[in-house]
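The structure appears below as structure tokens.
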Amino acid sequence: MIDLSTIPSPLVQIVIGLIGVLAFVGLNGLVCVYLERKVAGHIQRRPGPFEVGPHGILQPLADAVKLVAKQMITPKGADPILYWAAPLISFAPAIACFLPLPFGPKLQNVSINVGLILILAFSSLNVLALCLAGWSSQNKWSLLGAARDIAQSVAYEIPLLLSLLPIILLTGSLNLAEITQTQGPWPWQWLVVKQPLAFIIFFVCVFAETNRAPFDLPEAESELTAGFHTEYSGMGFGLFFLAEYSYMVVGCALASILFLGGYQGPVASGWWWFLLKVYALLLVMMWVRWTYPRVRFDQLLNLAWKWFIPLSLLNILITALVVKL
Amino acid sequence: MIGSKLKETFDGVVSLLIGLKITFKNFLKPNLTVHYPRKTVKPEELTGYRGHIELVPKPENPFVPRCIGCGLCRDICPSGCIEVRSKRIAEEKEIHTPHFGLQDTPLDLTRKVAPPQKTKIEIVSFELNYNYCSLCGLCVQNCPAGSLRFSKDIYLASFSSRDFEFDLLKRLEKQAQARLKEEEEWTK
Amino acid sequence: MFDLELGLDLSGDFYTRHFQPTPSEDTLILNMGPQHPSTHGVLRVILEIDGEYILRAEPVLGYIHRMQEKMGEVKRYEQYLPNMGRVDYLHALAWNWAYVGAVERLMGLEVPKRAEYIRVITCELNRINSHLLWWGAYLLDLGAFTPIMYAFQDREIVMDILQRVSGSRLTYCYYRFGGVSQDIDDIFIEKTKEFCAYLKPRLKMYKDLVTDNIILRKRVEDIGIIEEETLRKYGATGPVLRGSGIKYDVRRKEPYSVYSELDFEIPTASSKDALGRYLVRMQEIEESLKIIEQALEKIPPGPHISPQAPRRPKPPRGEVYFAVEGARGEIGVNLVSDGSAYPYRVKLRSPSFSNLSMFPEIAKGTLLADAVSILGSLDLVIPEIDR
Amino acid sequence: MSKQADSSICAYAYCSHEQTGYEKHFFITPASLLQHVQKLDELGYFLEDITCMQVKEGFLLTYHFNRWEKPGRLALRVLVVEEDKTIDSISSIYPGALWHERECYDFFGIVFKNHPSLIPLLLPPEMEERPLLKSSEKLRDLYELLPGCEQVLHAPRDEEFGQFIKECSQKGK
């Protein structure tokens with residue numbers, strides 16, 4: 001790994017970083033698809049992908065080739081501009097979210113003071129994309145999916161932000177690298193010990209924000225066939241897919257930076273600890289997906305409004321008191 | 001009120017964790033899938049399996065089926081997928097020439113002297129259209145000669161439906177040849 | 001596609017046009033199916049929804065209609081046997097039994113005791129199989145993907161056992177007039193006993209994994225409550241009926257075969273909702289295990305098919321009705337014979353047909369997600385409805 | 001248990017469950033169908049199914065009823081003549097009959113009066129022919145099919161059914 005801070009010009013630094021992030025997002029998509037299918041397979045006591053390459057390791061590549069090669073169909077009556085803009089709007093901010101993430105001690109694209117805010121702002125754009133996709137597809141199922149997605153995202157954005165406030169109160173910073181620095185390498189020095197409730201709320205909200213089961217209501221295939229992306233084919237669908245996995249990584253990365261000490265770890269701190277934590281959390285997300293039934297829509301909203309928002313407010317209050325005293 | 005609500009929530013969370021525990025345990029257990037082209041089902045697991053029907057040869061001659069050509073299987077088949085054709089052929093019997101003392105008589109006595117002609121049934125063709133077969137087993141059960149049985153062809157696949165129109169006589173012949181070959185090799 | 005003069009919406013097909021929306025601006029006509037993932041096969045439900053609330057629902061059938069009843073009239077009695085495995089492919093043996101039983105009743109044919117016990121064992125095994133598949137598929141409807149794989153894991157064992165005697169794995173054609181086509185052997189008995197011992201801890205695992213899960217509970221509790229009156233007016237039977245607390249089971253109320261000699265309970269649930277139906281089915285698996293174990297103990301030696309069993313039955317004139325308890329409810333075969341080798345009329349009474357006809361009534365006013373849950377809890381097999 | 005179908009087995013109203021699967025069956029007139037079904041509804045019967053059969057005399061509609069508490073499959077039989085293939089729909093009493101009646105309409109073309117939507121259920125809507133109708137040489141007499149029912153065919157006896165209902169209500173309530 002190169003030390004990004006040694007590159008003199010910030011523009012060159014950002015360009016190289018962007019290329020790196022793009023490569024990471026693409027690679028991550030492949031790894032996640034493979035992991036997801038293997039985890040699902042082994043939980044269900046079957047091998048998962050097995051035929052393409054040794055232990056099916058090339059299967060995601062084959063899938064990607066298939067998706068790229070497929071015809072992109074615009075349904076009759078759909079608004080073509082909005083329809084094809086939606087996957088791009090979904091995918092582009094996902095890349096921006098990676099920029100302020102400190103992967104390692106020196107491995108950070110842009111070190112800005114409002115890194116956290118930046119990520120939260122960019123990740124919220126996903127709602128718009130899903131809404132557009134559902135609306136412009138001229139499909140009733142997509143429309144229902146979009147409607148669900150807006151309600152769900154709006155509801156879960158609030159506890160997501162509220163659960164992060166105690167961290168900001170404790171560390172006094174919005175800079176992700178600094179927040180990492182305030183935590184030590186050992187698990188008991190991580191913020192999750194001080195803020196277990198915030199961690200749980202945050203993590204559950206990540207599930208809802210990224211539309212993962214058991215909160216995958218916008219795409220709920222047994223109810224809405226495929227929800228907002230019912231009509232998408234080829235890379236249109238592929239981009240939604242990539243974006244979903246990217247947001248999952250962003251969510252897990254935030255969780256590991258804010259609560260689990262980021263790249264800091266016992267013995268030797270470095271980017272490997274960061275990736276380890278991120279992928280461990282990703283595996284938990286997959287594990288959960290293949291275990292639970294889906295919740296119902298009103299239950300999902302009830303959970304946000306009746307449980308998570310009051311609880312996270314309470315958490316802020318207690319934290320503020322403790323910090324002040 | 002709040003107490004029961006909290007208890008319910010707590011139990012709910014516990015149930016969620018139990019679910020995770022069960023799936024994790026299963027995650028660690030070995031796969032159950034049979035990787036088909038590399039592994040196949042053991043033959044003893046195929047006991048009772050009904051593949052398509054095939055002919056049973058006579059014990060003394062593996063090339064000739066036991067079939068007596070009665071056509072019962074064809075009649076009883078719900079899908080009408082069996083076609084049997086047979087013909088009666090006279091068995092060649094030597095004709096006893098009349099006594100030499102009578103040879104000069106003008107009467108044609110040969111017919112009277114010859115014993116009644118015996119006929120036997122030869123199966124000309126026995127075709128099965130497996131595309132329509134519903135594997136009910138009525139033909140096997142009702143065959144009076146015990147000439148039908150189920151094959152164990154479990155891995156039967158093809159791109160063309162024509163491949164499932166079987167000539168069972170040919171199949172029997174092939175099986176008999178394979179058997180002979182096997183026996184030869186065995187004796188060697 | 002809007003006829004301004006008549007004020008009619010002319011888009012859609014015959015059935016959508018018949019399903020005119022109520023004159024209101026906020027509703028949406030939604031075609032759920034015939035390829036929707038949770039209508040299991042080829043059922044189509046036309047919904048009128050307001051947001052996600054269902055105002056009206058109308059099932060449209062016939063997508064895999066095969067005219068089984070006509071086939072019954074043009075085939076001889078014995079030739080119709082393989083059709084029975086294909087009416088309800090999940091509980092094929094119950095349909096086998098209903099038809100074979102009707103012909104036997106018509107002819108006054110006595111079935112050997114051993115054959116009766118074999119029928120009970122295999123039919124109950126098949127019932128377990130059917131309930132397991134329902135369980136998996138229902139959870140698939142509710143968004144849990146893993147249980148169906150576990151269910152298939154167990155189903156595989158049952159299918160192996162049944163394949164041993166019947167030759168097929170799904171669309172069995174095993175019962176014959178006056179008995180069964182093949183006798184069971186010791187390995188069958190041994191494997192069945194092993195399976196009974198194996199399934200009990202599995203059921204415990206299912207309970208921990210799914211039944212106790214709070215998400216599932218919230219998805220099925222108080223969903224799709226069916227009142228007694230509705231059940232009676234629509235003629236619902238099977239677990240749907242017992243889930244509302246009515247103890248009606250053909251095996252007990254109208255005992256056929258050797259069920260009267262066996263000791264088992266009819267599980268009921270008083271909650272009347274989807275959870276009730278769910279629990280009834282889970283308990284029925286246990287009861288079936290109990291029946292199988294008893295039957296394996298009690299099975300007498302003897303022939304597996306009656307020596308008087310006709311190869312080509314020609315039942316005397318008359319009409320019979322034979323009902324058996326299938327996994328989905330009361331299966332009835334109504335046969336009319338004119339004394340020839342062909343039935344004069346075959347009427348198949350399928351339980352799913354009556355159970356589904358309740359759906360418009362139950363689904364009214366529920367959420368779309370709940371409608372999926374209700375549809376799943378009715379345990380529909382569409383080929384059985386369409387016949 | 002020799003159960004040859006001679007004339008003794010299907011003696012009019014009471015027939016053996018062992019032999020036919022019915023407890024009782026009644027021939028009634030089409031006009032009285034609704035009021036009889038109403039009475040069955042009051043007695044707590046549920047509708048199992050409705051089936052139809054074409055015979056030389058016309059169409060024999062059979063309504064199967066059963067009860068949850070006591071065994072008792074009951075068949076109500078109504079003969080509809082070829083010239084006038086209409087009968088009252090019982091869907092106002094038993095909404096479960098809606099689909100069964102549509103099915104009969106599909107297969108035999110029998111028109112049920114006051115049925116809210118008598119449209120094809122199982123067959124494609126554009127299909128004209130009625131698949132379960134038989135050609136005339138295949139048709140049988142009702143006498144042939146249901147031996148022992150001769151005396152009631154020409155004069156369906158509603159009073160017998162009335163008697164039964166009376167008995168039931170006295171016993172039951």
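As a basis for the values below, the full set of heavy atoms in this structure was taken, side chains included, without hydrogen atoms, waters or symmetry mates. For clarity, every value in this text was computed on a predicted model and none was experimentally measured. Order of the sequence lines fixes the chain letters, A, B, ..., with proteins taken first and strands second; residue numbering starts at 1 for each chain.
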Under 3.5 Å, which donor-acceptor pairs link side chains of residues 16-33 of chain B to any protein atom two or more places apart or in another chain?
residue: B:T23; atom: OG1; partner: A:W287; partner atom: NE1; Å: 3.1
residue: B:T23; atom: OG1; partner: A:T291; partner atom: OG1; Å: 3.0
residue: B:T23; atom: OG1; partner: B:G19; partner atom: O; Å: 3.1
residue: B:T23; atom: OG1; partner: B:L20; partner atom: O; Å: 3.0
residue: B:N26; atom: ND2; partner: B:I22; partner atom: O; Å: 3.1
residue: B:N26; atom: ND2; partner: C:Y150; partner atom: OH; Å: 3.3
residue: B:N31; atom: ND2; partner: A:R46; partner atom: O; Å: 3.3

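Of the inter-residue distances, the one linking C:S166 atom OG with B:Y49 atom OH reads 11.5 Å to the nearest 0.5 angstrom. Rounding to the nearest 0.5 angstrom, the gap separating the CG atom in C:L216 from the OG atom in B:S15 is 9.5 Å. The CG atom of C:D212 sits 9.5 Å away from the CG atom of B:D11 when rounded to the nearest 0.5 Å. The OH atom of C:Y174 sits 9.5 Å away from atom CZ of B:R50, with the distance rounded to the nearest 0.5 Å.
Taking chain B as the reference chain and counting heavy-atom pairs below 4.5 Å, the highest number among C:Q163, C:K75, C:Q182, C:K218 is found for C:Q163. Among B:L72, B:V14, B:V140, the residue with the largest count of heavy-atom pairs under 4.5 Å with chain C is B:L72.
Against chain B, the residues from residues 81-91 of chain C that qualify, each with a non-hydrogen atom under 4.5 angstrom away, are C:L81, C:P82, C:R86 in number order.
Contacts of C:Q153 with chain B are made by side-chain atoms alone, with heavy-atom separations under 4.5 Å and no backbone atom involved. Of the two parts of C:R76, only the side chain, counted from C-beta on, holds a non-hydrogen atom closer than 4.5 Å to a non-hydrogen atom of chain B. Contact annotation for C:I305: only side-chain heavy atoms (C-beta onward) come within less than 4.5 Å of a heavy atom of chain B.
Taking both residues in full, the closest heavy atoms of C:S181 and B:Q141 are given as CA-NE2, 4.2 Å, listed atom of the first, atom of the second, then distance.
Taking 4.0 Å as the cut-off between side-chain N and carboxylate O, B:E8 and C:R217 do not count as a salt-bridged pair.
Remark: C:F145 pairs with A:W290 by the ring pair (Phe, Tyr, Trp, His ring centres under 6.0 Å) rule, at least two apart or across chains. With sequence neighbours excluded, the residues forming a side-chain hydrogen bond (donor to acceptor under 3.5 Å, both in side chains) with C:D141 are C:H40, listed by chain and number.
B:R179 CZ: 12 or fewer foreign heavy atoms inside a 6.0 Å radius. Within a 6.0 Å radius of OH in B:Y155, other residues, nucleotides and ligands contribute more than 12 heavy atoms. Annotation: B:F150, atom CZ; neighbour count of heavy atoms from other residues, nucleotides and ligands within 6.0 Å is above 12.
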Full working for side chain to side chain contact (heavy atoms under 4.5 Å, CB included) between C:R312 and B:N142: CA-CA 10 Å; C:R312 286 182 179 187; B:N142 286 305; over 6 Å; no
From CA spacing to verdict: side chain to side chain contact (heavy atoms under 4.5 Å, CB included), B:L135, C:S168: CA-CA 8 Å; B:L135 295 166; C:S168 25; 5.9 Å; no
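A donor-acceptor contact shorter than 3.5 Å is absent between the side chain of C:E78 and the backbone of B:L138.
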